[in-house]
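Everything below concerns the one structure shown next.
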2 protein chains.
Amino acid sequence: MASATLDDVATRAGVSAKTVSRVVNGERSVRPETRQRVLRAVEQLDYRPNLLARGLSGAHAYTIGLVYDNPNAYYILAMQQGALSACDDLNFGLQMRPCNSKASALAEDLRDFVHRSRLSGLVLTTPVSERSAALQRLAAYKIPFVRIVSAARDPHDGFPCVYVDDRDAAYAITIHLLQLGHQRIGFLRGGKHHHASAERLRGYKEALRDYGVPPRKELMIDGDYVFDDGFRGARRLLDLAEPPTAIFGCNDEIAAGALAAAQSTGLHVPYDVSIAGFEDSPFSRHSWPPLTTARQRADIIVERATRMLIACIGGEDVENEGFNPELVVRGSTAPPRPKSRQRKRA
Amino acid sequence: MASATLDDVATRAGVSAKTVSRVVNGERSVRPETRQRVLRAVEQLDYRPNLLARGLSGAHAYTIGLVYDNPNAYYILAMQQGALSACDDLNFGLQMRPCNSKASALAEDLRDFVHRSRLSGLVLTTPVSERSAALQRLAAYKIPFVRIVSAARDPHDGFPCVYVDDRDAAYAITIHLLQLGHQRIGFLRGGKHHHASAERLRGYKEALRDYGVPPRKELMIDGDYVFDDGFRGARRLLDLAEPPTAIFGCNDEIAAGALAAAQSTGLHVPYDVSIAGFEDSPFSRHSWPPLTTARQRADIIVERATRMLIACIGGEDVENEGFNPELVVRGSTAPPRPKSRQRKRA
DNA sequence: CACCACGATGACAGCGCTGTCATGGTTCGA
DNA sequence: TCGAACCATGACAGCGCTGTCATCGTGGTG
């Protein structure tokens, strides 16, 4: 009924409880032969360490925190899934924590969160992971963390991270639009305080440059990662004297807003205007037409980050790792209408 | 630095640790005067019980589990928010757990989850809360739980619950459509194994009956709570010889699918066909046109359920409580076109 | 060969709390 | 008036684990 304890395993393996503890925690100084005996006993008894006891006794609770501040439900859920799967696998607990990344006392809020539950460390997702002052403070508090950032390359700044090349994916999307024949491509930017949005903007600009298309200020519109800003931004673009023939939204929700704006104006997507998003959230699959976008496997990315964090906590050296989102072409992008038939509204 | 312990509080209040424990846990037998002294000390030291120690020592871990099996990200997130806010407030921990409600060993999976973390109890959300065989087993395992169910009235079945009157809300939505002048109203049903979907269907039928409109088999289509089924179902409805002038989707995602189907067929919503959803998820606000729907405050409902559960665990008697979703009218519903102009496609 | 360093292991205390039981004081009824 | 019943409180052990330190055996070194 009650699950096996360290002592049960120790008795069965003919060693002391402390030795079992050593094996379970992957400490070095155990003879391979002893280790084998212990592992066998662990398996036979289906032993699983009691997180409560571990936490009470040890220096930390063998539990990590997943910290997010994001309006995107699908994204958060995917991240939770990824973190949960890593934690389950490695016998760690998981605390999920929404937070306010703009709070001035962010680092202190997180510190309290960590101390209260004696957390072993944090996985910081964007945009929390981009508040560099807070990161410094967390490091000063000796709180281990792994962060997920938007960068083309390993930042090599001393903090472990998983980096996602948003620039590259935005570049690919823009190239896709250019290859379809679009020359006037609107860009709806998301969250100024998200580094990812700057990276995506960069990818967009670099693609234009490589195709010899001059960037135009009036085609780039600021906003937040929300539907309404996508809607408003797209309206502004479509009301221009010379409106864009394609719109690239900085994430799927923005793109969904743009799609709604186009439809509310009587335009047909993709015939009158092409629309692309970013993220491959269900949004992009569940609109009509479904959105061309960039697939980001948040679950896999966060699972990786979680494993890195737990390795760090265990004192292992870890290497930063990069991910590339991939282009997903769906029905919301098509070649522009020939000039003569442009701007015809239903 | 390190936070205060029971002993610190005890010393300050001039009592034993056990007495502080009694006060903190709301046990009866403490003199009001002593209680006051202790509470003052607790406040002064900003004492918060250590969940790890509590769990290790006590019969349970002062932590509850939130169990869900739902494809709807917004819904889950809202529920998490609600549970978190109650737990934070009451010094309980929270474990969030997706699960497979169709698993035959559901009760045993949950039991293992509870035992492994020594959870104090579970909040069961739909459809997990509707697997009555599993509920019986959980009760037999002596696992406390509070469930959220779809019912017009307190079920009085001995298990505590929060009940949501889906029937009533579906009735209101259908009446809204009838009052606009619709006579042929399609119904896209969601998840057969969700009791809520049966309740919503019931509300739909009862509204038709009260308006003297005969229900028609061919206008009610089965499916799951997913976009694709909404899309396919709506296509089937719109392809009928005499298609409906309004479609009621069993949740917002289904309705979004129906919306996409209508648009993909060249129909204009709401002029050619009205569409209503259920749930008030961002989906319903972020489509074009935004969806008429029924607002369900999942966060508030789950917060209430969580408080009930914790009260139960503390040995208090609790009363079941009901919630009514409310009708939200948006742009996706309008009077049907006059007969002569119907079925004109763009 | 004596000595030391080091690797492998175990004994033991204690993390912060609650459950159990004991204690002393008070109240109540016969 | 006395004992039973009861209330308020405290002493103490122990939940399952890890950190610290002690112990023992081994191999290398001068």
Side-chain angles (χ1 to χ4, degrees), chain A residues 1-38 41-42 45-63 91-93 115-118 120 313-315, chain B residues 1-38 41-42 45 47-63 91-93 115-120 313-315:
Chain A
M1 193 84 238
S3 56
T5 73
L6 258 195
D7 272 321
D8 300 334
V9 179
T11 306
R12 179 160 203 129
V15 297
S16 77
K18 182 63 202 179
T19 298
V20 177
S21 166
R22 288 197 176 93
V23 172
V24 171
N25 290 297
E27 286 178 36
R28 212 66 42 108
S29 66
V30 177
R31 236 179 18 208
E33 179 194 315
T34 313
R35 179 184 306 279
Q36 280 317 312
R37 258 213 328 275
V38 170
V42 164
L45 296 173
D46 188 29
Y47 168 75
R48 298 197 155 220
N50 178 326
L51 286 181
L52 297 161
R54 229 148 71 143
L56 183 59
S57 164
H60 59 93
Y62 292 79
T63 293
N91 281 324
F92 263 65
H115 285 174
R116 198 180 305 298
S117 304
R118 312 201 43 209
S120 314
I313 293 163
Chain B
M1 193 84 241
S3 56
T5 72
L6 259 195
D7 272 321
D8 299 335
V9 179
T11 307
R12 179 159 203 128
V15 296
S16 76
K18 182 62 201 179
T19 298
V20 178
S21 165
R22 288 197 177 94
V23 171
V24 170
N25 291 296
E27 287 178 36
R28 211 69 37 111
S29 63
V30 177
R31 238 180 17 207
E33 180 192 314
T34 314
R35 180 184 306 277
Q36 281 314 312
R37 262 216 321 278
V38 171
V42 164
L45 296 172
Y47 168 75
R48 297 193 156 226
N50 178 327
L51 286 181
L52 297 163
R54 225 143 76 141
L56 184 58
S57 164
H60 59 93
Y62 293 78
T63 292
N91 281 325
F92 263 66
H115 285 174
R116 199 179 308 298
S117 303
R118 309 199 48 206
L119 298 184
S120 314
I313 293 163

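Note: B:Tyr62 and B:Phe92 have tilted aromatic rings, judged against thresholds of 30 and 60 degrees for the angle between ring planes.
Taking both residues in full, the closest heavy atoms of A:Asn50 and A:Leu52 are given as OD1-N, 2.7 Å, listed atom of the first, atom of the second, then distance. The two residues B:Ala10 and B:Ser16 have their closest heavy-atom pair at CB-C, 3.7 Å. A pairwise comparison of heavy atoms in B:Gly58 and B:Arg118 identifies O-NH2, 2.6 Å as the closest pair. Shortest non-hydrogen contact noted between B:Ala41 and B:Arg12 is CB-CG, 3.9 Å.
The CG-C1' distance, from B:Asp7 to D:dC12, rounds to 13 Å in whole Å. Rounded to whole Å, atom C1' of D:dC17 lies 11 Å from atom CG of B:Leu52. Atom C1' of nucleotide C:dG10 and atom CG of A:Leu6 are separated by 14 Å, given to the nearest angstrom. The separation between B:Asn91 atom CG and C:dC17 atom C1' is 14 Å, rounded to whole Å. Straight-line distance from the NE2 atom of A:His60 to the C1' atom of C:dG16: 18 Å, rounded to whole Å. Regarding B:Arg35, its CZ atom lies at a distance of 11 Å from the C1' atom of D:dA8, rounded to whole Å. Atom pair B:Arg116:CZ and D:dG16:C1' shows a separation of 16 Å (rounding to whole Å applied). The CG-P distance, from B:Leu51 to C:dG16, rounds to 14 Å in whole Å.
With contacts defined as side-chain heavy-atom distances shorter than 4.5 Å, the pair B:Arg48/B:Asn91 qualifies. Between A:Val20 and A:Val24, the closest side-chain pair of non-hydrogen atoms falls below 4.5 Å.
The stretch residues 11-31 of chain A comes close to DNA chain C through A:Val15, A:Ser16, A:Lys18, A:Thr19, A:Arg22, A:Ser29, A:Val30, A:Arg31, each having a heavy atom under 4.0 Å from the strand.
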Check the pair B:Ser3, B:Tyr47 against side-chain contact (heavy atoms from CB on, under 4.5 Å), reporting the backbone distance first and the verdict last.
CA-CA 7 Å; B:Ser3 56; B:Tyr47 168 75; over 6 Å; no
Determine, stepwise, if the pair B:Thr5 / B:Val9 fulfils side-chain contact (heavy atoms from CB on, under 4.5 Å).
CA-CA 7 Å; B:Thr5 72; B:Val9 179; over 6 Å; no
Using a cutoff of under 3.5 Å, can you pull out all pairs of nitrogen or oxygen atoms linking the protein to nucleotides 13-15 of chain C, with atom names and distances?
unit_1: C:dG14; atom_1: N2; unit_2: A:Ser57; atom_2: OG; d: 3.2
unit_1: C:dC15; atom_1: O2; unit_2: A:Leu56; atom_2: O; d: 3.4
unit_1: C:dC15; atom_1: O2; unit_2: A:Ser57; atom_2: N; d: 3.3

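In this structure, the helix from C:dC1-D:dG30 to C:dA30-D:dT1 shows an angle of 40° between the axis at its start and the axis at its end, each fitted on 5 base pairs and rounded to 10°.
For C:dC17, one of the phosphate oxygens OP1 or OP2 lies less than 4.0 angstrom from a side-chain nitrogen or oxygen of B:Tyr47.
For the 3.5 Å distance criterion, the side chains of B:Asn25 and B:Arg54 qualify, holding a donor opposite an acceptor.
Of the options B:Val15, B:Val23, B:Thr19, a side-chain contact (heavy atoms from CB on, under 4.5 Å) to B:Arg35 is made by B:Val23 and by none of the others.
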